[in-house]
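Side chains are part of it too, since the values below use all heavy atoms of this structure and drop only hydrogens, waters and symmetry mates. Note on naming: letters A, B, ... go to the chains in the order of the sequence lines (proteins, then strands), and numbering restarts at 1 for each one.
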2 protein chains.
Amino acid sequence: MVGMEQVPVAPEFTHPAVEEIELAAVLHALSDPQRLRIVRELAANAEPLACGSFALDVGKSTRTHHFRVLREAGLIEQRRDGTRKLSVLRREDLDTRFPGLLDAVLSA
Amino acid sequence: MVGMEQVPVAPEFTHPAVEEIELAAVLHALSDPQRLRIVRELAANAEPLACGSFALDVGKSTRTHHFRVLREAGLIEQRRDGTRKLSVLRREDLDTRFPGLLDAVLSA
DNA sequence: ACAGTAGTTCGATGACCACCGTACCATAAG
DNA sequence: CTTATGGTACGGTGGTCATCGAACTACTGT
């Protein structure tokens with residue numbers, strides 16, 4: 001039974017609303033090499049990825065830290081899946097709020 | 001006319017070459033409110049502006065600091081003019097290196 | 001129940017950063 | 001030369017940040 005996990009509310013985590021995403025926070029989040037790598041890898045894979053499936057040069061706790069920064073800046077959305085935590089890039093939200101920004105960063 | 005500025009003219013200041021401009025440095029430079037204001041104001045005025053002619057909430061030395069960060073990140077070009085120091089946005093260089101990035105940030 | 005896996009929390013540390021004030025330097029104007 | 005202006009250099013301060021390791025939680029599968 002893996003059925004009834006459909007509670008759409010109960011965000012569980014702090015995800016800023018689209019209109020609350022701040023430019024400075026986004027730029028700061030992207031100005032770190034590890035986080036930039038995460039974002040790039042998420043952009044390359046349309047599927048949600050588990051936090052642990054990234055090639056990062058940092059320990060577990062630091063990894064958690066980076067994912068939180070990305071989430072609170074509004075760059076990614078995180079969702080629990082069993083023992084893992086899946087992340088997806090908030091592409092549309094970002095494109096809505098700051099058109100062209102993500103594309104420019106990704107293609108750089 | 002962006003031809004030949006590699007000469008003995010005493011660089012005077014550290015201006016990274018176009019291909020040396022780093023994304024992380026640019027993003028970090030832009031992630032500060034005061035610096036973002038400077039960049040926006042420079043983008044609005046095509047003419048070079050003196051460092052002192054900006055409405056910033058910080059003291060002189062801090063101002064100098066921000067302009068150095070922007071210059072070393074490759075965002076602005078600075079030139080002496082008498083007692084003043086004029087700054088211009090390196091629009092073309094930025095557009096060459098990271099197409100669309102500056103526009104996206106400015107229109108945000 | 002038990003062990004394994006995935007991620008979090010906590011405290012600490014060293015680095016960096018934004019900011020200030022004062023003193024200093026360089027050019028321009030009287 | 002002297003003074004005023006515009007900016008830099010220095011030293012310091014408090015705050016934030018990236019990083020770690022160790023202990024902890026939560027879920028899975030046996």
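- With a 4.5 Å cut-off on side-chain heavy atoms, R79(A) and F13(A) do not count as touching.
- As rounded to whole Å, 14 Å separates atom P of dC27(D) from atom CG of L86(A).
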Begin with the C-alpha distance, continue with both residues' side-chain angles, and end with the deciding distance and a verdict on salt bridge (charged side-chain N to carboxylate O under 4.0 Å, His left out) for R37(A) and D57(A). CA-CA 11 Å; R37(A) 251 158 89 178; D57(A) 314 335; 3.5 Å; yes
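- Using a 4.0 Å cutoff on non-hydrogen atoms, no part of residues 24-41 of chain A comes near DNA chain C.
- Between H15(B) and E77(B), the closest side-chain pair of non-hydrogen atoms falls below 4.5 Å.
- Here the side chains of Q78(A) and L86(A) are not in contact, with every heavy-atom distance at 4.5 Å or above.
- Between the side chain of R68(B) and the backbone N or O of T14(B) there is no donor-acceptor pair closer than 3.5 Å.
- Sorted by first and then second residue, the side chain to side chain donor-acceptor pair (under 3.5 Å) pairs with a member in residues 93-108 of chain A read R90(A)-D93(A); sequence neighbours excluded.
- Under the 4.5 Å side-chain criterion, counting only non-hydrogen atoms from C-beta, L101(B) is in contact with V26(B).
- Of all non-hydrogen atoms in A108(B) and L23(A), the two that sit nearest each other are CB-CD2, 3.9 Å.
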Indicate for each nucleotide in nucleotides 25-30 of chain C, in 5' to 3' sequence, whether protein heavy atoms under 4.0 Å reach the base (B), only the sugar-phosphate (S), or nothing (-). --BS--
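- In this structure, OG on S61(A) lies 10.0 Å from NE2 on H66(A), to the nearest 0.5 angstrom.
- Between L30(B) and R35(B) there is no side-chain heavy-atom pair separated by less than 4.5 Å.
- Annotation: the terminal axes of the helix from dA1(C)-dT30(D) to dG30(C)-dC1(D) meet at 20°, where each axis is the rotation carrying the C1' atoms of four end pairs onto the next four (5 pairs per end, rounded to 10°).
- Less than 4.0 Å separates DNA chain C from at least one heavy atom of each of the following residues of residues 47-69 of chain A: A50(A), C51(A), G52(A), K60(A), S61(A), T64(A), R68(A).
- Here S87(B) contributes atom OG and D81(B) contributes atom CG; the two are 11.5 Å apart, rounded to the nearest 0.5 Å.
- Sorted by first then second residue, the side chain to side chain donor-acceptor pair (under 3.5 Å) pairs that include residues 16-32 of chain A, not counting sequence neighbours, number zero.
- Rounded to whole angstrom, the span from the CG atom of L70(A) across to the P atom of dC17(D) amounts to 13 Å.
- Following chains of ILVMFWY side-chain contacts shorter than 4.5 Å, one cannot reach V69(A) starting from L75(A), and the two form parts of different hydrophobic clusters.
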